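Reviewing the structure listed below.
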Amino acid sequence: MTAPEPVCRYVYDLGALAEHVGKVVAALPERCRMFYAMKANSAEPVLATLAPLAAGFEVASGGELAKARAVAPDGEVLFGGPAKTPGEIEQALTAGVTRLHVESVLELHRISEAATRLGRTAAVLLRVNLAGPFPKATLAMAGRPTQFGIDEARLPEAVRAAVELPGVAFAGFHLHSLSNNLSPEAHLAMLDLYRRKITSWEEAFGVRCEVVNVGGGIGVNYADLTAQFDWTRFTDGLARLVGTFPAHWREIDFECGRFLVAACGSYLTEVLDVKRNHGVHYVLVRGGTHHFRLPVSWQHSHPFGVRHVEAWPATLPRPGVRGEPVTVVGELCTPKDVLARDVVVDEVRAGDVLEFRHAGAYGWEISHHDFLSHPHPEHVYR
Ligand SMILES: *Cc1c(COP(=O)(O)O)cnc(C)c1O
């Protein structure tokens, strides 16, 4: 008799995903469009669910572009990424992407050269790394030194190149400055800062912006799943704010990842053992950060629930913990393999199953799947 394999799976609720994203898109005011930044989760069923709901996909590699084309051959695609190869640029132009988001002056030249050679004109947005300061969020991509975008101070040179180079057509600016912002007010204040910045650039450089891309960065509250970003409050404020935008900004693009897909995914994993070492209760699961690296990457304790399983072999002891803090760790031989720390549980025993919620974004996608060569989790879409 072979032993049954312990539970270890990702489960995605595609119906809930479609409902959530449908509502998010429906609440957007005029001129605003929602693209899906597929690096958050590029699984085919997720992309196929989102293709008819989102305005299109934001991709940042040739591989992501191919995934976008596979589910939506004629859909809109925005091509970004901080280090595009000449080959990827050519692939993007040949595939007829809607726009490229440009990260440097050299990249503008590369795009112009390739486009000229292919007999095309590439519509581009210049990605700007603003001087800041910005609202508080978990990750900041701008307002401090990062590898992203064009330094605001170098913008005159970049705009000149975008206007003068023969293979590119300047369409506007792209600003993606932070990630996991939980405050609608702070997000609106940031967009208002974008408005003032872009208006001043239009004046200073004598250009007209048709498209403004305000990036993603709408957050998910992992610390309290019941208190999520208030999209209605945000879009109410957004409608008022967009009313103050110049009329020639015909399109305002959002490209969100986390906020669209986080809630649709759960990571379920069976407790293999429970033990106490040096005063700490450890819950050891079949799985870990090689499947779900998000908590260790963000240094947070990921929320989970316990599904009690009654079946247990009568011949074996069944360790457990009741009403005390536990630390949930995986099967990897490293002390960094921690999913949750010091969380008080009613009861958890060997053989129970833990469900990590809001695991649909930056979960499986960002994990080092083959470290230690354990089997991969199942992926169930329903
Ligand atoms: C990652 C990324 C996004 C999506 O960010 P979220 O925080 O998941 O919404 C959007 N735009 C760019 C350029 C990105 O790198």
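Counting starts at 1 for both ligands and their atoms, in listed order. Remember, it's a predicted structure, so these values are computed and weren't measured experimentally.
- With hydrophobic clusters built from ILVMFWY side chains whose heavy atoms lie under 4.5 angstrom apart, Val345 shares a cluster with Val274.
- Contacts of His278 classified as side-chain hydrogen bond (donor to acceptor under 3.5 Å, both in side chains), with partners at least two apart in sequence or in another chain: none.
- Applying the side-chain hydrogen bond (donor to acceptor under 3.5 Å, both in side chains) criterion to Thr146, with sequence neighbours excluded, gives Asn129.
- Among protein residues, Ala37, Lys39, Glu58, Arg127, His174, His176, Ser179, Gly216, Gly217, Glu255, Cys256, Gly257, Arg258, Tyr362 come within 4.0 Å of ligand 1, judged on heavy atoms.
- For residues 28-63, no pair satisfies ring pair (Phe, Tyr, Trp, His ring centres under 6.0 Å), with sequence neighbours left out.
- For the residue pair His376/Asp370, the side-chain donor-acceptor check at 3.5 Å is satisfied.
- In summary, the side chains of His300 and His302 do present a donor paired with an acceptor at a separation below 3.5 Å, with no hydrogens or angles considered.
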